[in-house]
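In what follows, a structure is listed as structure tokens, so that the remarks can point back to it.
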Amino acid sequence: MSTINIAIDGYAGCGKSTLARDLAKALNFTFVDSGAMYRGLTHLVLHSETNMDDGGAISDLLKSNPSLEFADETNHLLLNGEDVEDSIRNDKRVANNVSTVAAIGVVRAYLKAVQQSLIEEKSVVMEGRDIGTVIMPNAELKLFVTADMEERVTRRFLQLQESGKELSRDEVRENLASRDHMDETRDIAPLKKADDAIVLDTTILNREEQLTAALGLYSDLSD
Ligand code: DC
């Protein structure tokens, strides 16, 4: 059976993850959150006390072939079989260091192999920063999700408040802007719209409207 792949890229806090998850569910495709894998390796680097400025030490760590999988029901990230979802979502050290770890060449090469191995078996919706450009350059549908900065700040601010975290709007804005800057300016696989990606501006679209728009673009494929 042939598979169909959908790549979703974009800036932090644009709603990519929710959209990718909703789209995968609607189409019965596998959802792959590639950012979770970068967060998982950041957790591993921190917990093994590997110096992230030491390329050799990072290479050695990856030689142990850490496994990164998603649990069936919950979609939680399993690192070497251990559920690390709480750490990758809530540990500030992971959030503060993930862009640095994601800029390391051997880390990107390792995850590229893991991510590409997932697209051969089943149709996937994969979201991240380099999915349409590097991981799935032949994806049937590529979306590049954007939203105005103030809208992104509001969404992330409310999300953090809901989970009981106290951050000011200014802190949230600063965090989003600095991550975007690091993601866009790194040497390897920087965040960039693929030439054949369709821009989906979600500023004035709610969750349901985003899904409807994406499903519309998907059904246009068969026209
Ligand atoms: O999507 P996210 O916020 O969970 O991603 C966490 C970090 O990982 C983010 O700073 C960018 C990086 N990342 C990346 O470099 N390439 C990807 N395909 C996905 C995420």
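Both counts, for ligands and for their atoms, begin at 1 and track the order of listing. Note that the coordinates shown come from a computational prediction; the quantities given were computed from them, not determined experimentally.
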- Message: For Ser99, state whether at least one heavy atom is located under 4.0 Å from any atom of ligand 1.
- Response: yes
- Query: Hey, mind stepping through Ser34 and Arg129 against side-chain hydrogen bond (donor to acceptor under 3.5 Å, both in side chains) and telling me if it holds?
  - Reply: CA-CA 8 Å; Ser34 68; Arg129 305 293 191 288; over 6 Å; no
- Considering only the protein, which heavy-atom contact is closest to atom 18 (N) of ligand 1, and what is its distance? Asp130 OD1, 2.8 Å
- Message: Tell me if a side-chain donor or acceptor on Asp9 pairs with a main-chain N or O of Phe144 at a distance below 3.5 Å.
- Response: no
- Where is the nearest protein heavy atom to atom 6 (C) of ligand 1: which residue, which atom, and how far? Arg39 NE, 3.7 Å
- Item | ligand 1 N/O within reach of Tyr38 N/O, cut-off under 3.5 Å | no
- Task: Please report which non-hydrogen protein atom sits nearest to atom 3 (O) of ligand 1, along with the residue it belongs to and the distance in Å to one decimal place.
- Result: Arg179 NH2, 2.4 Å
- Under 4.0 Å from a heavy atom of Ala102: give me the atoms of ligand 1 that qualify, with their elements. 12 (C), 15 (O)
- Query: Any side-chain heavy atom of Arg173 sitting closer than 4.5 Å to one from Arg156?
  - Reply: no
- Query: Just by modelled atom types, is the Ala197 backbone N or O under 3.5 Å from a matching donor or acceptor in the Lys193 side chain?
  - Reply: yes
- Query: When you look for heavy atoms under 4.0 Å from ligand 1, do you find them on the side chain of Arg108, its backbone, both, or neither?
  - Reply: side chain
- Message: Students should be able to answer this: which protein heavy-atom is nearest to atom 20 (C) of ligand 1, and at what distance?
- Response: Gly35 CA, 3.6 Å
- Query: Where is the nearest protein heavy atom to atom 7 (C) of ligand 1: which residue, which atom, and how far?
  - Reply: Val98 CG2, 3.6 Å
- Message: Using a 4.0 Å cutoff against the non-hydrogen atoms of Ser34, which atoms of ligand 1 qualify?
- Response: 17 (C), 18 (N), 19 (C)
- Query: Does ligand 1 have an atom that lies less than 4.0 angstrom from a heavy atom of Gln115?
  - Reply: no
- Task: Test Thr203 against Asp201 for side-chain hydrogen bond (donor to acceptor under 3.5 Å, both in side chains), laying out the working first.
- Result: CA-CA 6 Å; Thr203 308; Asp201 185 342; 2.5 Å; yes
- Indicate yes or no for a side-chain donor-acceptor contact from Thr202 to the backbone of Cys14 under 3.5 Å, with no hydrogens or angles considered. yes
- Query: Would you say Gln116's side chain and Ala113's backbone share a donor-acceptor pair under 3.5 angstrom?
  - Reply: no
- Can you tell which part of Arg129 has a heavy atom less than 4.0 Å from ligand 1: side chain, backbone, both or neither? both
- Task: Please name the pair of heavy atoms, one in Leu167 and one in Phe157, separated by the smallest distance, quoted to 0.1 Å.
- Result: O-CE1, 3.0 Å
- Message: One residue to check: Met182. Relative to ligand 1, which of side chain, backbone, both or neither has a non-hydrogen atom less than 4.0 Å away?
- Response: neither
- Query: Quick one: does Asn75's side chain have a donor or acceptor within less than 3.5 Å of a partner on Phe70's backbone?
  - Reply: no
- Task: With heavy atoms only and a cut-off of under 4.0 Å, state how Arg186 meets ligand 1: side chain, backbone, both or neither.
- Result: side chain
- Do Asn175 side-chain atoms and Glu171 backbone N/O form a donor-acceptor pair below 3.5 Å? no
- Message: Pairs of nitrogen or oxygen atoms closer than 3.5 Å, one from Lys16 and one from ligand 1: do any exist?
- Response: no
